[in-house]
Structure formats: structure tokens, C-alpha cells
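Structure first, then comments.
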Amino acid sequence: MLLVLCCSVAFGQEKNITEALEALNNKNLSDAKRLIDNAMLSSETKDKPKTLFVKARVYDKLQEDAKFKDDNPYRDEAQALLKLNELKPDYEKTAADQYLVRCAFFYFNDGAQAYNDKNMKDASDLLKYTVKIHNLNSGHRFEKYPNKTFDTIAAEARLTRGNCAYYTGKYDDAITFFEDARANPITKSAALYECLIDAYNKVNDSTNMLSTIKEARKAFPDDIIIRNYELKYYMSYGRREEMLKKMEEAAAKDPGNAELFYNLATSYYNTAEPKSGKKPANATELMAKAEENYKKAVKADPDNADYNFNLAVLFFNQGSDNNDYMAAITGNTDADLKKFDELKSQRDGFFSKSQPYFEAAYKTLSAKEANLKGESKAIYRSTVYSLWQIYTTQNKAEKAKEFKAKHDQLGQ
């Protein structure tokens with residue numbers, strides 16, 4: 001009696017599957033859904049290939065119907081097809097492949113929308129299935145599939161999952177996705193390298209960061225962001241000579257880039273005038289290169305107060321050094337007096353060189369004096385002080401008085 005009951009239950013579920021197909025053919029989607037859902041509830045039929053395939057057919061049509069599509073029936077369709085692939089991958093393969101690819105595209109579109117809406121977790125979870133479907137059977141299921149766009153969206157899905165991980169601070173996961181994208185010509189781009197380099201930087205992996213930078217520079221030699229990462233790398237890891245060489249190469253390729261010349265000049269200056277320790281043996285040569293590149297920066301952007309100020313400081317500080325040397329002369333022999341006069345002449349020369357650049361910085365900054373803050377305000381005050389000192393040494397009493405008063409005002 002029990003055997004007969006079990007067979008009757010199984011037969012009833014088989015009937016549901018048959019009737020679901022009939023309802024589907026008659027475009028009665030509500031009945032088709034109810035019948036196949038009942039068959040899926042039965043342990044006798046839920047894992048049979050035919051049941052899973054019929055569910056996929058029914059739910060594929062539900063996805064096209066306005067009444068059902070907002071519930072995303074393609075997701076249940078995909079799960080049925082993924083189960084079918086586990087149980088019997090060759091079952092109705094041609095049709096099943098078409099359904100699977102459609103599901104993968106739906107997942108991709110919804111994942112892309114979630115990404116655009118900045119729902120990173122939802123985006124990654126959805127795009128995971130685009131990739132999973134594409135990679136079925138170790139990536140061989142669709143290798144002869146005629147729609148090559150499928151390869152593209154799967155590659156984009158992997159890349160976007162990397163972006164999701166990157167923008168949520170999951171840098172190790174991001175690196176895994178980005179490395180996969182890096183190996184694929186479809187998604188290999190300058191933007192990808194930029195994110196991958198930064199991800200390696202975030203996890204303090206300097207070895208892979210450098211190798212990625214080198215590869216990126218070779219592939220995209222004109223990308224400014226990648227170039228800046230390269231310079232930042234050499235700066236961060238104390239490889240100053242290599243950094244300077246790279247900066248010189250970049251400046252040579254972009255002669256109108258004032259910021260590049262400014263950064264190069266500042267690097268030369270800081271190398272020549274270290275904050276601690278002795279000056280390098282080639283300090284004079286480095287200072288000359290700093291001057292040369294500051295002048296190129298000013299030429300490219302003559303109204304930039306920072307560029308003018310730093311070039312002025314380069315000269316002014318050398319003149320101030322001479323003040324110290326002059327103060328150290330305590331004798332009054334002819335030799336002492338001669339040396340004093342030589343130092344004074346050199347000082348005045350340096351101050352004269354700095355003057356036009358301080359005046360250019362002053363002109364730019366004084367026009368917006370009321371709104372200056374932070375570093376800009378400090379530069380302005382230093383500019384006023386320096387001009388006060390210069391005019392004093394030049395015996396320009398009225399100008400010296402004017403800038404002393406301005407300096408006192410700023411100091412209040």
C-alpha cells in the first residue's frame with residue numbers, strides 16, 4: 001500500500017511537470033508557475049533534469065512578463081540551470097546554454113545598476129553569477145558559444161567586482177580580481193593598473209607594486225596617474241636618484257607641465273639642502289638644477305605664487321647664508337675687510353635675484369590677502385618679510401618702511 005502511495009505521489013508530480021509545459025505552451029504563465037513550483041517541492045522530482053529544465057523554461061517566460069519580471073524570476077531560472085549543470089550538463093544543452101547566457105546578462109545588468117547606485121555588496125553578489133555561469137565546467141561550457149559578447153561581459157563583471165572590493169577597502173580581494181582582469185586583454189587598461197598599483201600600496205606590498213608600475217609604464221607610457229604613482233613609489237621608498245631620473249624623463253616629455261618642473265626643482269633643492277646631516281658633495285650641481293627647473297615652472301605658469309616664492313627662496317637663502325658668514329668675521333685686517341666685502345656683494349646679488357620673484361608672488365597673493373589661509377597665508381607673510389629685508393639692504397627706505405608695516409600688520 002505504501003509503495004502504491006509513493007508511486008502515486010511521484011506520478012502526480014510528473015503530471016504537474018507535463019501540465020506546466022502545457023500551460024506554458026498556452027501562455028498561461030500563472031498556472032505554469034504554480035504547477036512547476038509544486039513539482040519542485042517534491043523530493044521525488046525536484047532534482048530530476050526534466051523538472052529543472054522545465055522550471056528554467058517557465059521562469060524564462062516569466063522574466064518577459066510585466067506581471068512577474070519585477071520579482072526577477074531569471075534568478076530562480078539560473079539556479080535551476082546551475083543545478084541541472086551539476087546533475088546532467090548535456091541535458092538539452094543547446095537550449096540550456098541560451099537560457100544560461102540570458103541569465104548571465106540579466107545578472108550583469110542588475111549588477112551594473114547596483115554598482116552605479118553605489119550598492120557595492122549587491123553589485124558584487126549579482127555579478128558573481130555572471131562570472132560563475134561563464135566559467136561553468138572549468139570555462140569550457142561556452143567555449144564554442146557564438147555570442148562572443150559573453151566573454152566581454154564576464155570580464156567586465158570580474159573587473160567591477162574588483163572595483164567593489166577596492167572601494168569598500170577590501171584590498172586583498174580587489175587585488176585578486178584586478179590581477180585576473182590584468183591578464184585579460186578585454187579589461188587590461190590604464191585605469192585598471194592605477195587601481196591595482198594603489199591596492200598594492202594600501203597593503204604595503206612594495207615588490208608587486210613596483211613590478212606592476214614597471215609593466216604599466218611600459219603599456220601606458222603617457223598616463224599621468226601611473227607616472228605619478230611611479231614617482232611616489234621612488235619617493236616613498238627612498239630611491240631618490242631613480243626618482244629624479246624618472247621625473248626628468250617625465251618633464252622632458254611634457255615641457256609645458258609647470259607642476260612637473262616645480263616638483264623636480266623641489267626634489268633637487270631638498271637633496272642639495274637636506275634637513276639633517278651633511279650636504280651632498282654635488283650640492284652645487286643639484287642647486288643649479290633646482291634653479292633651472294624652478295625657472296621652467298615659473299615660465300610655464302608665471303602667476304603661480306608658490307613657484308615664484310620657492311625660486312625666490314632658493315636665492316634668498318643663499319644670500320642669508322652670506323649674512324651668517326659676514327657676521328662670523330670679527331677681525332678688521334685688510335684680508336677680513338676684503339672677505340666681508342666679497343660676501344656682501346654676493347649676498348646683495350642673491351637678494352637681487354630673488355627680488356623679482358618675491359614681488360611676483362606678492363602681487364598674486366596681495367590681490368586675495370583677505371581670503372588667504374594656512375600655507376598660502378604663511379607664504380604671503382614670508383614674502384613680505386623677505387621683501388622688507390631686501391629693500392633694507394638696498395637702502396630703499398620708503399619701501400622697507402612700507403613692508404615692515406605690512407609685516408607687523410600680518411603678525412597681529
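Since this is a predicted model, take the numbers as computed values, not measurements. Hydrogens, waters and symmetry mates are skipped; everything else that's a heavy atom, side chains included, is used.
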Can you name the closest pair of heavy atoms from [X] and [Y] and give their distance?
X	Y	value
Leu365	Leu372	O-CD1, 3.7 Å
Tyr115	Cys164	CD1-SG, 3.7 Å
Phe261	Asp254	CE1-O, 4.3 Å
Asp173	Ala165	CB-CB, 3.9 Å
Ala300	Gly256	CB-O, 4.0 Å

With a 4.5 Å limit on heavy-atom distance, are the side chains of [X] and [Y] in contact?
X	Y	value
Phe178	Leu159	yes
Ser30	Phe68	yes
Lys295	Lys299	no
Asp151	Lys148	yes
Glu273	Asn317	no
Leu24	Arg57	yes
Leu126	Phe108	no
Ile17	Leu35	no

Within the 3.5 Å criterion, strictly below it, is a donor on [X] or [Y] matched to an acceptor on the partner's side chain?
X	Y	result
Asp97	Tyr145	no
Lys50	Thr45	no
Gln346	Tyr325	no
Asp117	Gln113	yes
Tyr200	Thr207	no
Thr187	Asn184	no

Aromatic rings Tyr74 and Tyr107: how do their planes relate, parallel, tilted or perpendicular, breaks at 30° and 60°?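 Correct class here is perpendicular.
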Using 30° and 60° as the class limits, which term best fits the ring planes of Phe53 and Tyr99: parallel, tilted or perpendicular? tilted
Would you check, one step at a time, whether the test ring-ring contact (aromatic ring centres under 6.0 Å, His included) holds for His134 with Phe150? CA-CA 7 Å; His134 180 269; Phe150 193 17; 5.0 Å; yes
Okay, side chain of [X], backbone of [Y]: is any donor-acceptor separation there less than 3.5 Å?
X	Y	value
Ser189	Leu192	yes
Asn25	Leu21	yes
Thr364	Asp303	yes
Asn322	Leu343	yes
Asn304	Asp306	yes
Thr51	Asp47	no
Glu143	Gly139	no
Ser138	His140	no
Ser124	Met120	no
Arg158	Ile153	no

Check whether the ring centres of Tyr262 and Tyr307 lie less than 6.0 Å apart, and answer yes or no.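 Here the rings of Tyr307 and Tyr262 have centres that are less than 6.0 Å from each other.
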How about Tyr380 and Phe309: are their ring centres within less than 6.0 Å of each other?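 Ring-ring flag for Tyr380/Phe309: false, centres at least 6.0 Å apart.
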Please walk me through it: do Asp198 and Glu194 pass side-chain contact (heavy atoms from CB on, under 4.5 Å)? CA-CA 6 Å; Asp198 190 55; Glu194 291 162 13; over 6 Å; no
Using the rule given for side-chain hydrogen bond (donor to acceptor under 3.5 Å, both in side chains), can you reason through Thr168 versus Lys121, listing the C-alpha separation, both sets of side-chain angles and the distance that settles it, and then say yes or no? CA-CA 9 Å; Thr168 53; Lys121 183 181 185 306; over 6 Å; no
Can you tell me which residue among Arg217, Lys218, Lys214 is in a salt bridge (Lys or Arg N to Asp or Glu O under 4.0 Å) with Glu230? Arg217
Could Lys55 and Tyr59 be counted as a cation-pi pair, given that NZ or CZ must be under 6.0 Å from the ring centre and within 45° of the axis? yes
Reference residue Phe351; test ring pair (Phe, Tyr, Trp, His ring centres under 6.0 Å); the match among Tyr357, Phe358, Tyr391, Phe316: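 Of the listed residues Tyr357, Phe358, Tyr391, Phe316, the ring pair (Phe, Tyr, Trp, His ring centres under 6.0 Å) partner of Phe351 is Phe316.
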